[in-house]
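Structure first, commentary second.
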Protein chains: 2
Amino acid sequence: MNSSGDSMAQADDESLLCDTGASRDTSTRDTGTLGKLVMLLDLVTHADAPLRFTDILALTNQPRGTLHRQLGHLVAEGLLELDAEGRYAPGLRLLDFASRSWARNEFRLIAAPHLASLHRETGETVHLGVLRGSSIIYLDKVEGHQPVRMYSQIGNASPCYCTGVGKAALSVLSSVQLDELLPGLHFNRFTSATHVSAESLLMEIGEIAAAGHAFDREEHEAGIRCVAAPIWSDDRSFIGGVSVTGPAYRLSMELLQEWTIPVQVTARKIMDEMRVRLGPRR
Amino acid sequence: MNSSGDSMAQADDESLLCDTGASRDTSTRDTGTLGKLVMLLDLVTHADAPLRFTDILALTNQPRGTLHRQLGHLVAEGLLELDAEGRYAPGLRLLDFASRSWARNEFRLIAAPHLASLHRETGETVHLGVLRGSSIIYLDKVEGHQPVRMYSQIGNASPCYCTGVGKAALSVLSSVQLDELLPGLHFNRFTSATHVSAESLLMEIGEIAAAGHAFDREEHEAGIRCVAAPIWSDDRSFIGGVSVTGPAYRLSMELLQEWTIPVQVTARKIMDEMRVRLGPRR
DNA sequence: AATTAAGTTCCAAATAATGGAATAACCACA
DNA sequence: TGTGGTTATTCCATTATTTGGAACTTAATT
């Protein structure tokens, strides 16, 4: 269940980069100097290996002087690290920031016990995700008995159009929100089942909205299926989802169909508790 | 083994902030606009609860207009989030950045199997940490049978002067590096055993350097002891450590004394492998 | 409705970022 | 040890962004 890696291989031109099929659209967002620096951070953290100065130069076509100073600042702040061979890699200070972000996340704290019981019921991997822009960020994961390497999945941003949680999340967006989001999607064919057009995606979203659950039929990674249900706040300011994931040989579509019920029940319980804890108005 | 929280209670003036006893010295470091923004990020991520605009205003004494734009930019980039009640909290995009930083970290990848075997040998919690500035950032953790909530500790930055890994790390610094680091330390008395002066710390560091291992005698958290050994590259450009931690009632000082050997052996194995993988020169 | 507090917008002045070009360090090979 | 090619770093006049005080809007309180 390693997410990136192999399934990334047949991606497009920039082979060094791991394009999730969304984000990296910093162009419009006007955040001045910060925007440019964050774009660099994104570039380096999402690369599959440390990048040298020249690599980054080529990837950004910024002037040498400018880029050099920007990288220098990021390194000075510990957001990037420069190794002895002159290659830039993500900095460890990011971990310090992120661990706080995770530890205090209300949604995750509320959902945790419900994820555990869904895991007990199904015996397969349970994920919790949130919609951020057009990506799903995984917030928690409950899996098998082996010591869990949590960071391997938690924190990862995956495209919304080819994951169970992502499609479930899309199904509860208002039509206004959907109209804003869809045109910005860059469809990336991860497997032969991946949606590659807004039309086919939109059609399935309609079905998901009616049914209240979504399937991932090996759309992100060959051999991996999942069933998911959306979680949302009344005013749609918060949207996420919960899913059960596993290998296709073990999870027949019939079994997934059965699990739609416990998954939806879990989503409902989490929503109910959120409404109590965070106030019903939103 | 919750790090912050209670032990933080008697900290100094700014009660909302969780001061690790170091860092937050962005003043000298000249990183222009980025420095100011990162300081804000630090402020919000390290606060114990979401902060309102006015709270941050008071904590930074920056002009209203400036602060407002800065926060706006951080929110637009997903580095902070602004909830419906107008409170700022760490943003989830940080998770995405950090998960990459962690997943690809060479040191952690090399150390992982050795940590596992040290855990098997001792049956107690094993930590891996790196020295960054005057903080120890925990990179990995192997503990009991229960599903590990890794983010709870991993990524956390703890002071170097009151943790086993921290003191072990200090013991292999060159005297030049030590002279740079010591004056910047702000000693925070977490327990009655915490070092509160550079003099007493320096004295123990001498002993640790001679012995090759360090103890934490309930210096960071009452009731918690540990034994640690340093890990370093030839040129001291990289410094970290490995430790075994547990409750004082189970870990007598005699037992910790016995464990100095497996801990040091583990550190040595990790160092040897790093020298092979990353080249001996550094 | 009046009053205070909290948050947002505006714009001339101060400051920091830009980017082209020159310089320096590095590396491989003779 | 020198030489050519590659890569990284520094410099500085120009340009664009950030700054911060003040005015303004909005929300909460009496």
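Here is how names work: the chains are called A, B, and so on, in the same order as the sequence lines, proteins then strands, and each is numbered from 1.
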Angle class for the B:F190/B:Y161 ring planes (parallel below 30°, perpendicular above 60°, tilted otherwise)?
parallel
Quickly work out the [X] [atom1] to [N] [atom2] distance and round it to whole Å.
X	N	atom1	atom2	value
A:L57	D:dT6	CG	P	15 Å
B:D55	C:dA5	CG	P	16 Å
A:Y88	D:dT7	OH	C1'	11 Å
A:L67	D:dT7	CG	P	15 Å
A:D30	C:dT9	CG	P	14 Å
A:L74	C:dA17	CG	P	12 Å
B:L37	C:dA16	CG	C1'	13 Å
B:I56	C:dT8	CD1	P	11 Å

Is it true that B:R87 and B:D55 make a salt bridge, defined as a side-chain N closer than 4.0 Å to a carboxylate O?
no
Is any side-chain N of the basic residue among B:E81 and B:R93 closer than 4.0 Å to the acidic one's carboxylate O?
no
Sugar-phosphate atoms are those with a prime plus P, OP1 and OP2; base atoms are the rest. Using that split, label each nucleotide of nucleotides 23-30 of chain D B, S or - for protein heavy atoms under 4.0 Å, 5' to 3'.
--------
How bent is the helix from C:dA1-D:dT30 to C:dA30-D:dT1, comparing axes over its five end pairs at each side, to the nearest 10°?
50°
Quick one: on DNA chain D, does B:T33 or A:G86 contact a more 5' nucleotide (nearest heavy atom)?
A:G86
Phosphate-side-chain proximity, A:K36 and C:dT18, N/O vs OP1/OP2 below 4.0 Å:
yes
N or O in side chain of B:H68 less than 4.0 angstrom from C:dG7 OP1/OP2
no
Between [atom1] of [X] and [atom2] of [Y], what distance do you get to the nearest 0.5 Å?
X	Y	atom1	atom2	result
A:D96	A:R100	CG	CZ	5.0 Å
B:T31	A:Q70	OG1	CD	13.0 Å
A:M274	A:E106	CE	CD	8.5 Å

Hey, are B:H73 and A:D30 close enough side-chain-wise for a donor-acceptor pair under 3.5 Å?
no
Sugar-phosphate only, base, or nothing, as touched by [X] at under 4.0 Å among non-hydrogen atoms:
X	answer
A:R52	sugar-phosphate
B:T54	sugar-phosphate
A:Q62	nothing

Residue pair B:F107, B:L128: steps toward the side-chain contact (heavy atoms from CB on, under 4.5 Å) verdict:
CA-CA 9 Å; B:F107 178 45; B:L128 183 74; 3.4 Å; yes
Let's go through B:R104 and A:D48 carefully: what are the C-alpha distance in whole Å and the side-chain angles of both, what is the deciding distance for salt bridge (Lys or Arg N to Asp or Glu O under 4.0 Å) to 0.1 Å, and is it a yes or a no?
CA-CA 8 Å; B:R104 283 187 6 212; A:D48 289 336; over 6 Å; no
Closest approach to the side chain of A:F53, judged atom by atom: which nucleotide of D:dG20, C:dT18, D:dA8 is it?
D:dA8
Which of B:L41, B:V38, B:D42 passes side chain to side chain contact (heavy atoms under 4.5 Å, CB included) with A:E77? Answer is B:V38
